[in-house]
Amino acid sequence: MKKLGIFGVNGRMGRVLVEAIASDDAAVLSAASVRSGSSFSGMDVGELAGTGRSGLQCTETISEHKQNIDVMIDFTLPDALDNNLKWCIEHKKPIVIGTTGLNEEQKVELETAATHIPIVFAANYSVGVNLLLNLVKQAASVMGESADIEILEAHHRFKKDAPSGTAVALGEVIAEELDRDLAKCAVYGREGDTGERAKETIGFATVRAGDVVGEHTVLFADIGERLELTHKASSRLTFAKGAVSAAKWLVDKPAGLYNMQDVLGFN
């Protein structure tokens with residue numbers, strides 16, 4: 001039985017992670033933190049998540065449970081990542097990270113932390129999305145040189161970063177396959193007289209509306225035909241279950257920076 005802890009258990013994904021762990025016969029929730037001063041501090045974790053009383057309380061510090069944790073899971077916000085990583089390094093705990101919207105400095109920080117502890121970092125923990133990444137790479141190798149490439153994504157109104165981490169990951173896979181620099185060829189919005197589309201452009205379009213869980217489409221459009229590869233998520237539980245699988249996989253792995261492709265055996 002793998003003993004898992006959650007940073008930011010009161011968040012939208014934190015609560016769903018509680019549900020995912022409760023439904024997994026090979027994992028148990030052993031620690032759950034909330035930010036300092038949170039009104040959820042001391043509340044039963046199961047009651048918070050709506051899964052029924054668990055006997056485990058939300059705490060403002062995870063340290064009191066450190067002896068009873070195999071892996072931590074973090075789906076919080078970028079400004080919480082630094083402290084969460086420092087805690088895991090200090091206590092030699094592996095961590096699964098699903099926080100998106102990281103800046104370049106934080107990505108470097110992740111790489112440095114991975115020299116000390118094992119880390120799984122992925123923009124998306126869905127099995128379907130990770131399969132999509134592989135399909136997109138194959139499509140880019142066949143059609144990418146001649147087709148126009150656009151990435152369309154939609155999420156709920158509460159999502160703070162744009163484009164989504166998954167959309168960026170899709171763009172990175174395509175750019176790498178086509179030997180392009182995404183920082184130079186990406187276009188994140190169009191307005192007014194933009195002129196004809198540049199051949200090597202990878203375009204991004206973003207929708208934020210309602211309660212859309214997550215939708216991603218990669219479009220390869222040539223003259224006379226187009227290929228559309230789409231993934232639609234209908235429940236956050238999909239991502240949570242993937243993160244729990246990643247956490248179980250990460251136990252006893254050597255220090256290093258892994259992704260969901262590694263967890264699923266695609267790499």
Side-chain angles (χ1 to χ4, degrees), residues 1-18 20-21 24 27-46 48-49 54-123 125 160-161 165 239-240 242-260 262-263:
M1 187 74 71
K2 308 305 181 186
K3 295 173 287 187
L4 311 183
I6 300 173
F7 286 119
V9 71
N10 57 295
R12 281 188 293 273
M13 273 302 298
R15 300 181 194 213
V16 181
L17 282 164
V18 174
I21 294 171
D24 193 307
V28 62
L29 181 61
S30 60
S33 74
V34 294
R35 67 182 179 276
S36 179
S38 171
S39 60
F40 297 105
S41 181
M43 185 175 182
D44 184 272
V45 174
L48 171 66
S54 67
L56 179 68
Q57 290 184 332
C58 302
T59 58
E60 294 181 21
T61 174
I62 210 81
S63 294
E64 63 187 85
H65 298 289
K66 63 184 179 182
Q67 301 301 328
N68 200 34
I69 299 170
D70 292 322
V71 181
M72 290 299 302
I73 304 178
D74 184 358
F75 275 77
T76 57
L77 297 172
D79 58 8
L81 179 64
D82 183 56
N83 286 336
N84 293 345
L85 270 180
K86 285 180 179 177
W87 188 91
C88 287
I89 292 170
E90 179 183 353
H91 299 287
K92 301 187 186 306
K93 300 297 182 182
I95 182 171
V96 170
I97 300 173
T99 302
T100 59
L102 305 185
N103 58 37
E104 291 305 314
E105 183 179 342
Q106 288 172 314
K107 292 177 182 178
V108 172
E109 182 183 348
L110 271 184
E111 293 177 358
T112 301
T115 64
H116 302 282
I117 58 173
I119 298 173
V120 172
F121 173 63
Y125 284 86
K160 295 182 179 180
D161 57 309
F239 312 127
V244 172
S245 294
K248 292 187 296 182
W249 177 88
L250 194 59
V251 174
D252 298 328
K253 289 291 186 294
L257 187 57
Y258 306 96
N259 57 35
M260 199 60 181
D262 296 311
V263 175

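Residues: numbered from 1 along the sequence shown.
For the pair Cys88 and Ile117, the tightest heavy-atom approach, listed with the atom from each and the gap, is CB-CD1, 3.8 Å. The shortest heavy-atom contact between Val120 and Tyr125 is O-OH, 3.1 Å. Ala246 and Met260 get closest at one heavy-atom pair: CB-SD, 4.2 Å. Annotation for Thr100 and Pro78: closest pair O-CG, 3.4 Å, computed over non-hydrogen atoms. Contact record, Val96 with Ala243: CG1-O, 4.1 Å, taken as the closest heavy-atom pair. Between Ile62 and Ala31, the shortest heavy-atom contact is CD1-CB, 3.6 Å.
Note that the CE atom of Met72 and the CD1 atom of Ile97 stand 11.0 Å from one another [nearest 0.5 Å]. Atoms CG and CG, from Leu81 and Leu110 in turn, are 5.5 Å apart once rounded to the nearest 0.5 Å. The OG1 atom of Thr99 sits 7.5 Å away from atom CG of Asn84, with the distance rounded to the nearest 0.5 Å. We find the CG-SG distance between Leu48 and Cys58 to be 5.0 Å, quoted to the nearest 0.5 Å. Note: Leu250 CG to Lys2 NZ = 11.0 Å, rounded to the nearest 0.5 Å. Atoms CZ and CZ, on Phe40 and Arg15 in that order, are 4.5 Å from each other to the nearest 0.5 Å.
Although no hydrogens or angles enter the test, the distance criterion places a donor-acceptor pair under 3.5 Å between the side chain of Asp44 and the main chain of Gly55. For the pair Asp262 (side chain) and Asn259 (backbone), a donor-acceptor distance under 3.5 Å is present.
More than 12 heavy-atom neighbours from other residues, nucleotides or ligands sit within 6.0 angstrom of CG on Asn103. For Glu64, the CD atom is densely surrounded, since the number of other residues' heavy atoms within 6.0 Å is greater than 12.
Using a 4.5 Å heavy-atom threshold, the side chains of Thr112 and Leu85 count as separate. Taking 4.5 Å as the limit, some side-chain heavy atom of Phe7 sits within range of a side-chain heavy atom of Ile95.
Not a single ring-ring contact (aromatic ring centres under 6.0 Å, His included) links His65 to another residue, sequence neighbours left out.
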Q: Give the C-alpha distance, both sets of side-chain angles, the deciding distance and a yes or no for side-chain contact (heavy atoms from CB on, under 4.5 Å) between Leu4 and Leu17.
A: CA-CA 10 Å; Leu4 311 183; Leu17 282 164; over 6 Å; no
Q) Should Arg35 and Thr76 be marked as a side-chain contact (heavy atoms from CB on, under 4.5 Å) after you check the CA-CA gap, both sets of side-chain angles, and the distance that decides it? A) CA-CA 10 Å; Arg35 67 182 179 276; Thr76 57; over 6 Å; no
Q) What do the steps show when you test Trp87 against Lys93 for side-chain contact (heavy atoms from CB on, under 4.5 Å), and what is the final call? A) CA-CA 8 Å; Trp87 188 91; Lys93 300 297 182 182; 3.7 Å; yes
Q: For the pair Asp24 and Lys248, evaluate side-chain contact (heavy atoms from CB on, under 4.5 Å) and give the outcome as yes or no after the intermediate values.
A: CA-CA 10 Å; Asp24 193 307; Lys248 292 187 296 182; 2.8 Å; yes
